2 protein chains.
Amino acid sequence: MHAHTAIAAQPTRVPHGHQAAVMAMPRVAPSRPAAGFAAIDADPLAAIAQFRVFDREQSIFAEGEAADAVFRVVDGMIRLYKLLPDGRRQIIGFLQAGDMVGLAFADRYLYSAEAITASTVQRIPRCQLDALLDSQPALARRLLSVTTSELVAAQDQMLLLGRKSALEKLASFLLALSRRAGAGRAIALPMSRCDIADHLGLTTETVSRGFTKLKTSRLIRILDGGRVELLDAEALADLADCA
Amino acid sequence: MHAHTAIAAQPTRVPHGHQAAVMAMPRVAPSRPAAGFAAIDADPLAAIAQFRVFDREQSIFAEGEAADAVFRVVDGMIRLYKLLPDGRRQIIGFLQAGDMVGLAFADRYLYSAEAITASTVQRIPRCQLDALLDSQPALARRLLSVTTSELVAAQDQMLLLGRKSALEKLASFLLALSRRAGAGRAIALPMSRCDIADHLGLTTETVSRGFTKLKTSRLIRILDGGRVELLDAEALADLADCA
DNA sequence: CGTCCCCTTGAACTCCATCAAACCTGGTGG
DNA sequence: CCACCAGGTTTGATGGAGTTCAAGGGGACG
């Protein structure tokens with residue numbers, strides 16, 4: 001079996017002087033990994049973690065490789081994706097500071113991970129994690145909680161992929177990012193249109209047309225630096241869950 | 001752009017809160033029969049479980065309701081689904097004997113569960129589960145493992161929904177069911193075409209045409225009692241993961 | 001200032017949804 | 001036992017949302 005997992009944790013503070021680029025999360029984000037896991041920050045995972053830095057577009061691990069470590073994102077943005085033999089790609093999720101990836105009890109990664117921006121991650125060797133789980137039973141419950149949140153996000157994404165129109169998908173995506181990022185109306189979109197398309201089950205062209213439509217409808221505004229401002233979150237929400 | 005009719009012949013109203021909550025547990029193991037569940041069968045969960053029987057098409061719980069219990073399927077088949085406000089439905093997963101549902105650490109169910117066939121389930125009150133987790137730390141690890149498998153299945157489903165064609169979806173679905181059912185080449189399909197469609201992000205008509213095509217291509221054969229025989233699993237596998 | 005890459009826009013096509021009707025099949029009641 | 005009905009299923013015809021193919025911007029970087 002293989003297995004894999006993208007997990008969202010929720011750091012409020014990152015050890016070793018690194019800064020969490022994000023956060024202050026609403027209690028329950030309906031369609032994104034999330035939820036309060038501040039507890040994990042204080043836990044022993046940090047003690048055994050090695051820090052690693054990845055360049056833009058650099059691979060962190062690939063589907064099929066031996067899954068010998070779990071990662072937690074400290075800074076930057078990561079994409080997780082699966083490929084079909086002919087190259088079609090589905091992006092499972094985008095990870096930001098605080099999210100975990102690789103949590104699984106299988107020996108191979110089930111998807112690939114690449115840095116979208118320059119990123120810093122903590123690497124936690126699998127064997128050490130296992131030992132930790134033995135000595136700290138409460139950790140398993142926390143990880144269970146984190147994994148469950150991931151699963152919830154995955155189910156929302158299924159609804160999106162299976163039943164929403166292109167524009168609904170785009171609106172849902174922007175809102176999810178916004179909730180995840182917290183307060184501000186402006187959100188960072190460091191990923192390409194192609195990444196977004198592969199996350200939403202669309203093509204770059206359709207994503208681009210969608211952005212144009214949202215712009216001309218005055219629902220969003222494109223800022224510099226690939227940032228987007230949500231001008232009317234309520235209208236976007238209507239668009240996201242409805243027809 | 002509307003779509004569906006989730007309403008079968010069923011008096012059970014589907015409320016649907018838009019409340020956030022959590023829970024989880026579909027189960028369509030991509031590559032294994034119900035493996036790791038034997039251990040759980042012997043465990044203390046059984047001690048506190050109440051058995052319940054549900055009729056065909058009966059609701060087990062609905063999205064938005066207080067999530068006060070976790071369930072384990074003993075017999076029958078259950079569908080888990082989410083609805084959009086306009087009625088479009090996405091079936092998150094089909095549960096069979098051994099699968100768990102409702103595992104989560106939130107106070108509301110995030111999707112609805114209905115019996116497809118007459119079903120027997122064990123009901124495990126949430127509060128008792130929590131107590132058990134405290135007294136039996138190893139249980140959390142087992143549940144973590146189960147949840148992780150779920151997540152893996154969910155990610156495969158995302159790839160399916162986002163990037164596969166109608167026929168590829170159908171082939172993948174049949175193979176997943178077959179792997180789950182284990183040995184025999186014949187698999188039970190107690191769910192309707194509409195259920196299958198709502199699971200694969202298609203319409204009943206497209207599912208029906210797909211079945212017809214697989215039949216005329218001699219890849220499957222329809223048996224009585226809604227059973228299907230996979231005549232050429234290899235060809236189906238090619239169809240499932242490729243173009 | 002040119003090149004590369006991504007994004008945007010346009011036009012044609014395709015797969016699947018939609019609309020519609022015929023066909024089963026199981027259940028009911030005469 | 002069969003006629004009838006209601007439900008789901010299959011098949012057909014048509015249309016549309018999104019893909020595919022193609023070309024034209026526009027910003028970053030050398």
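Per chain, numbering begins at 1; letters A, B, ... match sequence-line order. Being a predicted model, the structure only gives us computed values, none of them experimental.
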Does any donor-acceptor pair link the side chain of B:R193 with the base of D:dT11 at a separation under 3.5 Å? no

Please determine, for the side chain of A:T206, which listed nucleotide (C:dC16, D:dT19, C:dC7) has the closest atom? D:dT19

In whole angstroms, the gap separating P of C:dG10 from NZ of A:K213 amounts to 13 Å

When rounded to whole Å, the CG to C1' distance for the pair A:D224 and D:dG27 reads 13 Å

Has the side chain of B:R209 got a donor or acceptor that lies under 3.5 Å from a partner of the other kind on the base of C:dT18? yes

Looking only at heavy atoms, the pair that brings B:L177 and B:A188 closest together is CD1-O, 4.1 Å

B:S165 near the nucleic acid: base, sugar-phosphate alone, or nothing, with a heavy-atom cut-off under 4.0 Å? sugar-phosphate

Using a 4.0 Å heavy-atom cut-off, does B:S192 contact any base of the nucleic acid, only the sugar-phosphate backbone, or nothing at all? sugar-phosphate

With a cut-off of under 6.0 Å to the ring centre and 45° to the axis, is B:R193 in cation-pi contact with B:F211? yes

What is the separation between atom CZ on A:R163 and atom C1' on C:dT18, rounded to the nearest whole Å? 13 Å

Whole Å only: how far is the CD1 atom of A:I222 from the C1' atom of C:dT8? 12 Å

In this structure, how many angstroms lie between the C1' atom of C:dT14 and the CD atom of B:E168, rounded? 15 Å

Can you give me the bend angle of the helix from C:dC1-D:dG30 to C:dG30-D:dC1? Use the axis through the first five pairs and the one through the last five, nearest 10 degrees. 30°

Short side-chain N/O contact to D:dT11 OP1/OP2 from B:T212, under 4.0 Å: yes

Would A:E114 and A:Y81 count as having a side-chain donor-acceptor pair, cut-off 3.5 Å? yes

By the 4.0 Å heavy-atom rule, please label A:G210 as base, sugar-phosphate, or nothing. nothing

OP1 or OP2 of D:dG18 sitting under 4.0 Å from any side-chain N/O of A:T203? no

Would you indicate what B:G226 reaches in the nucleic acid, counting non-hydrogen atoms under 4.0 angstrom: base, sugar-phosphate, or nothing? nothing

Heavy atoms, side chains only, cut-off 4.5 Å: are B:L200 and B:K164 in contact? no

Options C:dC16, D:dT19, C:dC7, nucleotide nearest the side-chain atoms of B:L202: C:dC16

Round to the nearest Å and state the distance from B:R56 atom CZ to D:dG8 atom P. 9 Å

The test is side chain to side chain contact (heavy atoms under 4.5 Å, CB included); show your working for A:I92 and B:L159 and say whether it passes. CA-CA 8 Å; A:I92 299 307; B:L159 176 62; 5.6 Å; no

Distance, rounded to the nearest Å, where A:L170 contributes CG and C:dT8 contributes P: 11 Å

Which nucleotide wins on minimum distance to the side chain of B:E205, given the candidates C:dC16, C:dC7, C:dA20? C:dA20

Should the ring pair A:F61 and A:Y109 be called parallel, tilted or perpendicular, given that the plane angle runs from 0 to 90° and is split at 30 and 60? parallel

Side chain to side chain contact (heavy atoms under 4.5 Å, CB included) evaluation trace for B:C194 with B:D198: CA-CA 6 Å; B:C194 179; B:D198 283 349; 4.0 Å; yes

